[in-house]
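Have a look at this one before I ask anything.
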Amino acid sequence: MLKRVHFGPSVLPFLLVGPQILITLIFFIWPASQALYQSVLIEDAFGLSSEFVWFDNFIELFEDVGYWESVGRTFFFSSLVAALSMSAALILAAMADRIIKVVLAYQTLLIWPYAVAPVVAGALWMFLFDPTLGIVAYTLDMFGYDWNHKLNGNEAMTLVVFAASWKMVSYNFLFFVAGMQSIPKSLIEAAAIDGAGPLRRFTSIIFPLLSPTTFFLLVMNVVYAFFDTFGIVHAVTKGGPARATEILVYKVYNDGFIGLDLGGSAAQSVILMMIVIALTVVQFRYVEKKVAY
Amino acid sequence: MVENRPYVTFMAHAVLIFGVIIVALPIWVTFVAATHDELRMTQIPLPLLPGGHFFENLNEVLFEGVGSRGSPVGMMLLNSLIMALLIAVGKISISLLSAFAIVYFRFPFRMGFFWLIFITLMLPVEVRILPTFAVVADLGLLDSYMGLSLPLIASATATFLFRQVFLGVPDELLEAARIDGAGPMRFFWDILLPITRTNIAALFVILFIYGWNQYLWPLLITTDQSMYTVVMAIKQLLEAAEETPQWHLIMMTTLLAMAPPIAVVVGMQKLFVKGLTETEK
């Protein structure tokens, strides 16, 4: 951690870490402790009085059917996003791995969505699927399917999943390609000499050896789907119709800023923080055990 | 390639081209919509090939904005640029300094500071919005560039990255610098910074995109139209579209909102990939 050759104690190092520590304390530690504190209070809507209620906010939250529905929805949403974007990226990466010569050209064309903000991604997909004008909705209509994500909850969920997965394909693609290129060519060649075709080599050699990358990406995709998709939901569906797309991070915002239920929203924040901490720990344990070949 | 199988290679190209089409379709449709006039954008089916109104729309959006109450997008682009640069430069500067202190100095509470920074990794802004908003409001930073950027500036990821880079720097460099009489800051400025140049550039690319794409935070703390960023404006345009669908202008704004980060990613692809793979490990 510390360099063998280093500088001795003085005021300088304190000045150097100062800015970061100050910002961390003011904008991270203090607000987070406030969230913890508020989660055990009940405040009236005008903020005039508050009462200490122990874990009542949490109990209320756990007894709320709506909260559990949102939890279930979030897990459903995250698994769909992770499955869709990872499998699409894996297929594309496996194909790109065959034609190394032009992989860079395809890569250039596939990384764009990473740069697009979630809310903008939402706007793009919303425009494609707009019930009255959208090109995809129009095409579906020609086939006799009446698309309207503003009324149909399942269709709203589908649309949000598409937009969220689309954005993540670039990221997954880059990591899968890097993972595949670090697999020794001798293994692939040996399998080919033994008579294994491309599909067999993929299922028996490439995919198993990719498992560290796959696991890492699974964690990253879940984190993304849990926290970074707020913009998509907010722009495209506002959690609706009838809460069909109200995932946890949207509910925190909605209950706190719109519903003004400060205690309840803070309790939800605390639970989300615990989820992040758990995911971070999982990710770090992965880093330690990273398989090298 | 291990063996020559033309059919499989052909299929690989076909699948990749299909993937590229799916990935590019939303962006293409947006671009096309931005090149037509209002009338054409209300006729079903919508066009799939560009029209001739691109510069007209660009001009209207940049200097007048969308709708009667809209503010000029040119100004929002400037706000977004300032915010993104402040976040990227701010994060890199404070992380470089703190990583330097933690790796190169022995001082009390060194590990305590390190863990304090580590904790921020676990607290994304989305889960602590209400209290952070309260802090920024108390400090009088609403509707200001400082309020937009400061709360997003502390970053454990960047500090970790630089810590890792510094740990890989040979000890001999510091010994040599000392023999030549260089103090800590001289060593930092003349030796450490130049050798971490590519790492800094790679991280800058990632952080610029991160800053530019901020949505929830600007949405909460800006009420003054002159402080709006272009990404947060998209939402209001979509809402306005329910009443008066000016899709040609909305899609032009959307195009402008994603053009700068896309240009950065495609133009600095090598640095981008380096930054992405380094920050996540």
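Every chain is numbered from 1 and lettered A, B, ... according to where its sequence line falls, protein lines coming before strand lines. Not measured: the values here are computed from a predicted model.
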**Item:** Largest heavy-atom contact set with chain A, pairs under 4.5 Å, which of B/Leu96, B/Thr30, B/Ile209, B/Leu174
**Value:** B/Leu174
**Asked** If we only count heavy atoms from C-beta on, is the A/Met95 to A/Tyr106 side-chain gap below 4.5 Å?
**Response** no
**Request:** Would you mind checking which part of A/Gln268 comes under 4.5 Å of any heavy atom in chain B, side chain (CB onward), backbone (N, CA, C, O), both or neither?
**Result:** neither
**Asked** Which value, rounded to the nearest 0.5 Å, describes the distance between A/Ile91 atom CD1 and A/Phe173 atom CZ?
**Response** 12.5 Å
**Prompt:** Who wins among A/Leu133, A/Val169, A/Thr24 for the most heavy-atom pairs under 4.5 Å with chain B?
**Reply:** A/Leu133
**Message:** Within the structure provided, determine whether B/Ser98 and B/Phe113 are in side-chain contact (heavy-atom separation under 4.5 Å).
**Reply:** no
**Prompt:** Got a donor-acceptor contact below 3.5 angstrom from the B/Trp212 side chain to the A/Val116 backbone?
**Reply:** no
**Prompt:** Atom CG in A/Asp228, atom OH in B/Tyr210: separation rounded to 0.5 Å?
**Reply:** 9.0 Å
**Asked** What part of A/Leu12 is in contact with chain B, defined as an atom under 4.5 angstrom from a non-hydrogen atom: side chain, backbone, both or neither?
**Response** side chain
**chain B contact via A/Tyr253 - side chain, backbone, both or neither, heavy atoms under 4.5 Å** = both
**Item:** Residue among B/Met258, B/His13, B/Met11, B/Glu175 with most heavy-atom pairs under 4.5 Å to chain A
**Value:** B/His13
**Asked** Do you know which of B/Leu150, B/Ile250, B/Ile153, B/Ile234 has the most heavy-atom pairs under 4.5 Å to chain A?
**Response** B/Leu150
**Prompt:** At a heavy-atom separation under 4.5 Å, does A/Thr108 approach chain B through its side chain, its backbone, both, or neither?
**Reply:** both
**Request:** Check whether A/Leu279 gets within reach of chain B through its side chain, its backbone, both or neither, counting any heavy atom under 4.5 Å.
**Result:** neither
**Prompt:** Any idea how A/Tyr114 and B/Phe272 line up, ring-wise: parallel (<30°), tilted (30 to 60°), or perpendicular (>60°)?
**Reply:** tilted
**Prompt:** If you measure only the distance, is there a donor-acceptor pair under 3.5 Å linking the side chains of B/Thr159 and A/Gln20?
**Reply:** yes
**Request:** Please look at A/Leu128 and chain B and tell me whether the side chain, the backbone, both or neither of the residue comes under 4.5 angstrom of a heavy atom of that chain.
**Result:** side chain
**Prompt:** Heavy-atom distance under 4.5 Å to chain B: side chain of A/Trp125, backbone, both or neither?
**Reply:** side chain
**Fill in**
Looking only at A/Pro19, A/Ser170, A/Ala123, most heavy-atom pairs under 4.5 Å shared with chain B are made by A/Ala123
**Message:** Need one label for B/Met251: side chain, backbone, both or neither, based on atoms under 4.5 Å from any heavy atom in chain A.
**Reply:** side chain
**Prompt:** Which one, A/Phe127, A/Trp112, A/Trp30, leads in non-hydrogen pairs under 4.5 Å with chain B?
**Reply:** A/Phe127
**Message:** Against the six-membered ring of A/Phe162, is A/Lys167 placed for a cation-pi contact (under 6.0 Å from the centre, within 45° of the normal)?
**Reply:** no
**Prompt:** What residue in B/Pro261, B/Pro26, B/Ala101 has the most heavy-atom pairs under 4.5 Å with chain A?
**Reply:** B/Pro26
**Message:** Counting only non-hydrogen atoms closer than 4.5 Å, does A/Leu248 touch chain B with its backbone (N, CA, C, O), its side chain (CB onward), both, or neither?
**Reply:** neither
**Request:** Give, as side chain, backbone, both or neither, the part of B/Ala259 having an atom under 4.5 angstrom from any heavy atom of chain A.
**Result:** neither
**Prompt:** Given a strict heavy-atom distance threshold of 4.5 Å, which part of B/Pro108 is in contact with chain A: side chain, backbone, both, or neither?
**Reply:** both
**Complete:** To the nearest 0.5 Å, atom CD1 of A/Ile247 lies from atom CD1 of A/Ile232 at 8.5 Å
**Request:** Name the region of B/Phe18, side chain, backbone, both or neither, that has any atom closer than 4.5 Å to a heavy atom of chain A.
**Result:** neither
**Fill in**
Note: vs chain B, highest number of non-hydrogen pairs under 4.5 angstrom among A/Leu174, A/Val136, A/Ile111 is A/Ile111
**Prompt:** How are the rings of B/Phe105 and B/Phe107 set relative to one another: parallel (under 30°), tilted (30 to 60°) or perpendicular (over 60°)?
**Reply:** perpendicular
**Request:** Against chain A, work out which of B/Val136, B/Leu220, B/Ile22, B/Val273 has the most heavy-atom pairs shorter than 4.5 Å and name it.
**Result:** B/Leu220
**Message:** Quick check on B/Val169 against chain A: is it the side chain, the backbone, both or neither that has a heavy atom closer than 4.5 Å?
**Reply:** both
**Request:** Would you give the length of the straight line joining atom CD1 of B/Ile206 to atom CE of B/Met268, rounded to the nearest 0.5 angstrom?
**Result:** 11.0 Å
**Message:** For B/Tyr104, give me all partners under ring-ring contact (aromatic ring centres under 6.0 Å, His included), at least two apart in sequence or on another chain.
**Reply:** B/Phe100, B/Phe187
**Complete:** Pair count under 4.5 Å, heavy atoms only, with chain B: among A/Ala117, A/Ala178, A/Gly18, highest is A/Ala117
**Spatial distance of atom CD1 (B/Ile21) from atom CG (B/Leu16) [nearest 0.5 Å]** = 11.0 Å
**Message:** With no hydrogens and no angle check, just 3.5 Å: does a side-chain donor-acceptor pair link A/Asp255 and A/Ser265?
**Reply:** no
**Message:** Which one wins on heavy-atom pair count under 4.5 Å against chain B: A/Gly231, A/Pro198, A/Ala163?
**Reply:** A/Pro198
**Asked** Tell me, side chain or backbone of B/Val135 under 4.5 Å from chain A's heavy atoms, or both, or neither?
**Response** side chain
**Request:** Let me know if A/Thr132 has heavy atoms under 4.5 Å from chain B in its side chain, its backbone, both or neither.
**Result:** backbone
**Message:** If the condition is ring-ring contact (aromatic ring centres under 6.0 Å, His included), which residues does B/Phe109 pass it with, not counting sequence neighbours?
**Reply:** none
